[in-house]
*Asks:* 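Before I ask anything, here is the structure I am working with.
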Amino acid sequence: SAVISQKPSRDICQRGTSLTIQCQVDSQVTMMFWYRQQPGQSLTLIATANQGSEATYESGFVIDKFPISRPNLTFSTLTVSNLSPEDSSIYLCSVVIVGVGNQPQHFGDGTRLSIL
Amino acid sequence: QKEVEQDPGPLSVPEGAIVSLNCTYSNSAFQYFMWYRQYSRKGPELLMYTYSSGNKEDGRFTAQVDKSSKYISLFIRDSQPSDSATYLCAMSGRQGGSEKLVFGKGMKLTVNP
């Protein structure tokens with residue numbers, strides 16, 4: 001199966017700054033996604049990362065706050081901008097390697113973000 | 001009513017016990033059903049992937065889907081301390097031209113030696 005690498009694995013950031021998270025896969029994938037996982041909550045889809053075009057955002061998430069890039073089939077970045085304490089969470093990328101539609105999805109180990 | 005409801009747990013069992021994890025759902029469009037296992041400080045790992053109603057077995061794990069009752073289960077036989085993790089159910093289906101994977105909140109399982 002594919003190796004999905006996320007960097008950084010964790011970070012502590014100041015309010016008002018931004019953090020960019022990278023997701024690299026070692027094989028070609030059909031789809032890439034970004035999720036947020038908050039304690040006691042379901043995984044929440046932020047957006048679908050589209051190769052070479054703007055990401056598709058879910059309700060409640062906007063490009064200005066969560067800009068996403070996907071320059072090729074195996075790499076994507078998520079930036080969390082203008083950080084506030086409410087952004088403290090785990091951010092996960094997922095990919096579809098071989099499947100139907102948007103599943104099954106395979107996940108990276110996540111980025112644990114804390115805001116001071 | 002939430003689209004996917006998962007027993008909240010936590011659940012603690014002795015080693016060797018049979019574990020039953022359950023989720024219910026409300027969206028009839030769901031066709032694909034998954035169970036993920038998530039160890040502490042790790043991402044969710046795909047454990048079982050099934051389509052439509054019926055049972056699927058993989059070693060000590062059995063996934064069961066009952067679409068008529070909108071109910072899915074994961075059974076773990078001869079549970080081991082290494083099974084201690086959070087288990088997430090997830091399901092997907094096409095509706096209104098789009099498809100989204102919807103997760104339960106997860107249940108934390110502890111298997112005591």
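Chain letters run A, B, ... following the sequence lines, proteins first and then strands; every chain starts at 1.
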*Asks:* Taking all non-hydrogen atoms of both residues into account, name the closest pair between A:Leu92 and B:Gly43 and its distance.
*Replies:* CD2-CA, 4.1 Å
*Asks:* Which distance, rounded to the nearest 0.5 Å, do you find between the CZ of B:Phe103 and the CG of A:Leu45?
*Replies:* 9.0 Å
*Asks:* Considering all heavy atoms of both residues, which atom of B:Lys105 and which atom of A:Ser42 are nearest to each other, and what is their separation?
*Replies:* CG-OG, 3.4 Å
*Asks:* Surrounding CD1 of A:Ile63 (heavy atoms of other residues, nucleotides or ligands, distance under 6.0 Å), is the total greater than 12?
*Replies:* yes
*Asks:* Look up atom OG1 in B:Thr86 and atom CD in A:Gln37, then write down how far apart they are to the nearest 0.5 Å.
*Replies:* 8.5 Å
*Asks:* Nearest 0.5 Å, what's the CD-CG distance between A:Gln105 and B:Leu46?
*Replies:* 10.0 Å
*Asks:* Would a hydrophobic clustering, with Ile, Leu, Val, Met, Phe, Trp and Tyr connected at side-chain separations under 4.5 Å, put B:Leu11 with B:Met48?
*Replies:* yes
*Asks:* Is it true that atom CD of A:Gln28 has more than 12 heavy atoms of other residues, nucleotides or ligands lying nearer than 6.0 Å?
*Replies:* no
*Asks:* Taking the side chain as every heavy atom from C-beta outward, state whether A:Tyr35 and B:Leu101 have any pair of such atoms under 4.5 Å apart.
*Replies:* yes
*Asks:* Just wondering, are more than 12 heavy atoms of other shown residues or ligands nearer than 6.0 Å to CZ in A:Arg15?
*Replies:* no
*Asks:* I need the residue from B:Arg41, B:Glu45, B:Gln38, B:Met34 with the largest number of non-hydrogen atom pairs under 4.5 Å to chain A.
*Replies:* B:Arg41
*Asks:* Just wondering, are more than 12 heavy atoms of other shown residues or ligands nearer than 6.0 Å to CZ in B:Arg77?
*Replies:* yes
*Asks:* Any sub-3.5 Å donor-acceptor pair from B:Tyr36's side-chain atoms to A:His106's backbone N or O?
*Replies:* no
*Asks:* Using a cut-off of 6.0 Å, state whether more than 12 heavy atoms not belonging to B:Lys67 lie near its atom NZ.
*Replies:* yes
